[in-house]
Amino acid sequence: MITVTDLKKSFGSLEVIKGITATIKKGEIITIIGPSGTGKSTFLRALNMLDPPTGGSVEFEGKNLTDKKTDINEVRKRMGMVFQSFNLFSHMSVLDNLCVGQTKLLGVSRLEAEKTARELLSTVGLAEKANAYPDELSGGQKQRAAIARCLSMKPDIMLFDEPTSALDPTMVGEVTSVIKRLAQSGMTMAIVTHEMEFARNVSTRVIYMDEGGIYEEGPPEVIFGSPARDKTRAFINRVKSYRYEIISENYDFIEMMNNLIRFCEANALSKANAYKAQLTIEELANIMPKSEPSEISLSFPENQSLFTVTARYGGENLNILDDKDNKDKRDKMEAAIIKGGADSVTHMNDGQNYLTVTWKSK
């Protein structure tokens, strides 16, 4: 879908991108990671000429975007972009934000535009916010509305420029859940992100940028599991993660908890955070359905500012922390313990259930 050849970008005498050659194929989910200041956002913005390159070329669906004869505005209709700062029209309702591009740029009727807009708002969990204005939304809701607005233009590819970086940590799960759902639908995406666990779970390919270019790339299991180059390893090791796969109902619970305790000790977690991690995982393991393979993970950044426990389990749409889905009295008590100690809890289902529990460092 996109072919980048020897792409370069300079700002005055500062050379930010020193020559990138890459491809993005239809259906791929590319996450772009790396330290701050390595040109990740500049590379993404060069793909649709928001930051025109100073050298090299970008081809999108066979059209050379660096050719002055190319109508870049026509091309951008098929390249949705979601920014850090939402960029919603503050004087318009959420519904109008989703309709204006459809009617003015795609030429569809207002009736058809509203139908599409309401369907998309329902998809991102904002059906009840159609008549609200951006100032009445939380940060996570604004970003979900921005994603829905991009989708209303029926793009062939979505570009995300650190879509969670402007959010409070407790709202990150709202947005990553929506993007995971898009990934399951087959949407082609390129995502600049600093959320390593999200990148690991959603990507088909990860690009690590450093030294003004692509320093290393590969499938997520390689980049996050056994990267080949020193700087990649150093960067990945800044995010600590523990995961345990439950392959049957007769799994070794004691082994899982002992490994978790050793992991907490090895990473010098405070007693409060280690206790909360162990309690959350123990209670989730007790109430998770285990008729199909499932997984529990714990992750946190190097500064241990935010902790995330994710439970993945199969079956029908089931939020095991929701009282209406949880009929067992003991399970309800354990769910209350988990929710009582969390700063946020999010659930999504896209063929499997993903339940995410986060808390700020204690």
Side-chain angles (χ1 to χ4, degrees), residues 29 31 122-127 140-141 144 147 164 169-187 189 195-204 220-221 224 241-251 253 256-257 260 276-300 306-359:
I29 299 101
T31 52
S122 179
T123 298
V124 300
L126 292 177
Q141 289 171 337
R144 283 187 279 153
I147 292 171
T164 61
T170 59
M171 298 178 182
V172 169
E174 295 179 21
V175 175
T176 56
S177 292
V178 170
I179 298 175
K180 284 178 180 177
R181 201 172 300 134
L182 285 178
Q184 291 291 325
S185 74
M187 171 65 73
M189 291 186 280
E195 299 290 337
M196 295 300 103
E197 192 67 15
F198 165 70
R200 181 173 190 156
N201 290 334
V202 78
S203 308
T204 57
E221 59 269 22
F224 290 101
S241 63
Y242 164 85
R243 58 194 336 129
Y244 190 89
E245 188 173 2
I246 300 172
I247 59 175
S248 76
E249 296 182 11
N250 300 316
Y251 76 102
F253 176 82
M256 179 184 74
M257 295 307 297
L260 175 62
K276 180 165 285 190
Q278 292 159 26
L279 178 66
T280 302
I281 287 179
E282 178 179 352
E283 302 293 8
L284 280 172
N286 285 337
I287 58 179
M288 279 170 58
K290 305 173 192 69
S291 55
E292 300 178 30
S294 54
E295 182 181 89
I296 294 182
S297 65
L298 165 69
S299 64
F300 51 87
L306 182 74
F307 292 82
T308 302
V309 170
T310 301
R312 174 181 60 80
Y313 51 94
E316 60 185 14
N317 191 348
L318 176 67
N319 182 352
I320 57 176
L321 299 187
D322 191 327
D323 283 350
K324 66 180 176 60
D325 287 349
N326 205 333
K327 308 301 182 185
D328 187 275
K329 185 175 180 180
R330 177 181 171 82
D331 288 353
K332 285 185 178 181
M333 180 181 68
E334 292 175 326
I337 291 171
I338 295 169
K339 291 187 289 186
D343 286 317
S344 75
V345 175
T346 60
H347 170 263
M348 66 167 286
N349 181 283
D350 53 16
Q352 286 190 313
N353 293 280
Y354 293 88
L355 185 66
T356 303
V357 180
T358 66
W359 69 91

Inset, instruction - Walk me through it: do Leu260 and Ile296 pass the test side chain to side chain contact (heavy atoms under 4.5 Å, CB included)? - result: CA-CA 11 Å; Leu260 175 62; Ile296 294 182; over 6 Å; no
Inset, instruction - Identify the residue among Thr310, Asn319, Asp322 that makes a side chain to side chain contact (heavy atoms under 4.5 Å, CB included) with Leu355. - result: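 Of the listed residues Thr310, Asn319, Asp322, the side chain to side chain contact (heavy atoms under 4.5 Å, CB included) partner of Leu355 is Asn319.
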Legend entry - Given Val202, Asn201, Thr164, Thr308, the one that forms side chain to side chain contact (heavy atoms under 4.5 Å, CB included) with Glu195: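 Among Val202, Asn201, Thr164, Thr308, the one that satisfies the side chain to side chain contact (heavy atoms under 4.5 Å, CB included) with Glu195 is Thr164.
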Inset, instruction - With the side chain counted from C-beta on, respond yes when Leu318 and Pro289 share a heavy-atom pair under 4.5 Å apart, and no when they do not. - result: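 Answer yes - side chains close enough.
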If I take atom [atom1] from residue [X] and atom [atom2] from residue [Y], how far apart are they, to the nearest 0.5 angstrom?
X: Glu295; Y: Arg243; atom1: CD; atom2: CZ; value: 4.5 Å
X: Ile246; Y: Met256; atom1: CD1; atom2: CE; value: 5.5 Å
X: Ser177; Y: Ile179; atom1: OG; atom2: CD1; value: 9.5 Å
X: Asn286; Y: Met333; atom1: CG; atom2: CE; value: 9.5 Å
X: Met196; Y: Ser241; atom1: CE; atom2: OG; value: 11.5 Å
X: Glu282; Y: Ile337; atom1: CD; atom2: CD1; value: 9.0 Å

Legend entry - Minimum-distance pair of heavy atoms, taken over all atoms of Val175 and Gly140: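 Shortest heavy-atom separation between Val175 and Gly140 comes out as CG2-O, 3.9 Å.
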Inset, instruction - Mind listing the closest non-hydrogen atom pair of Arg200 and Pro220 along with its distance? - result: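 The answer is O-CB, 3.6 Å.
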Inset, instruction - Begin with the C-alpha distance, continue with both residues' side-chain angles, and end with the deciding distance and a verdict on side chain to side chain contact (heavy atoms under 4.5 Å, CB included) for Leu321 and Ile287. - result: CA-CA 9 Å; Leu321 299 187; Ile287 58 179; 3.9 Å; yes
Inset, instruction - Tell me, yes or no, whether the heavy-atom count around Ile247 atom CD1, taken from other residues, nucleotides or ligands under 6.0 Å, exceeds 12. - result: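 Atom CD1 in Ile247 is not packed in, count stays at 12 or less.
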Inset, instruction - List the steps, then state whether side chain to side chain contact (heavy atoms under 4.5 Å, CB included) holds for Tyr244 with Ile281. - result: CA-CA 10 Å; Tyr244 190 89; Ile281 287 179; over 6 Å; no
Inset, instruction - Report the relative orientation of the aromatic rings in Trp359 and Phe307; use parallel for angles under 30°, tilted for 30 to 60°, perpendicular for over 60°. - result: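 The arrangement is parallel - the two ring planes meet at less than 30°.
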Inset, instruction - Measure up the Phe253 and Tyr251 rings against each other and bin them: parallel (under 30°), tilted (30 to 60°), perpendicular (over 60°). - result: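 Judged by the thresholds at 30° and 60°, the geometry between Phe253 and Tyr251 is perpendicular.
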Inset, instruction - Ignoring hydrogens and angles, state whether a donor on the side chain of Ser203 or Thr31 is under 3.5 Å from an acceptor on the partner side chain. - result: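 Yes, side-chain donor-acceptor contact under 3.5 Å.
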Inset, instruction - Ignoring hydrogens and angles, state whether a donor on the side chain of Ser344 or Thr358 is under 3.5 Å from an acceptor on the partner side chain. - result: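 Present: a donor and an acceptor within the cut-off.
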Inset, instruction - Under the side chain to side chain donor-acceptor pair (under 3.5 Å) rule, what do His347 and Asn353 come out as? Steps first, then yes or no, please. - result: CA-CA 7 Å; His347 170 263; Asn353 293 280; 2.9 Å; yes
Inset, instruction - Give the intermediate values and the outcome of side chain to side chain contact (heavy atoms under 4.5 Å, CB included) for residues Ser294 and Arg312. - result: CA-CA 5 Å; Ser294 54; Arg312 174 181 60 80; 5.8 Å; no
Legend entry - Lys180 NZ/CZ over Tyr354 ring centroid, <6.0 Å and within 45° of normal: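 Yes, a cation-pi geometry holds between Lys180 and Tyr354.
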Legend entry - Main-chain N/O of Thr123 paired with Arg181 side-chain donor or acceptor, under 3.5 Å: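 Yes.
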Inset, instruction - Could you tell me whether the side chain of Lys276 and the main chain of Gly341 form a donor-acceptor pair under 3.5 Å? - result: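 Indeed, once roles are kept as given, a pair shorter than 3.5 Å links the two residues.
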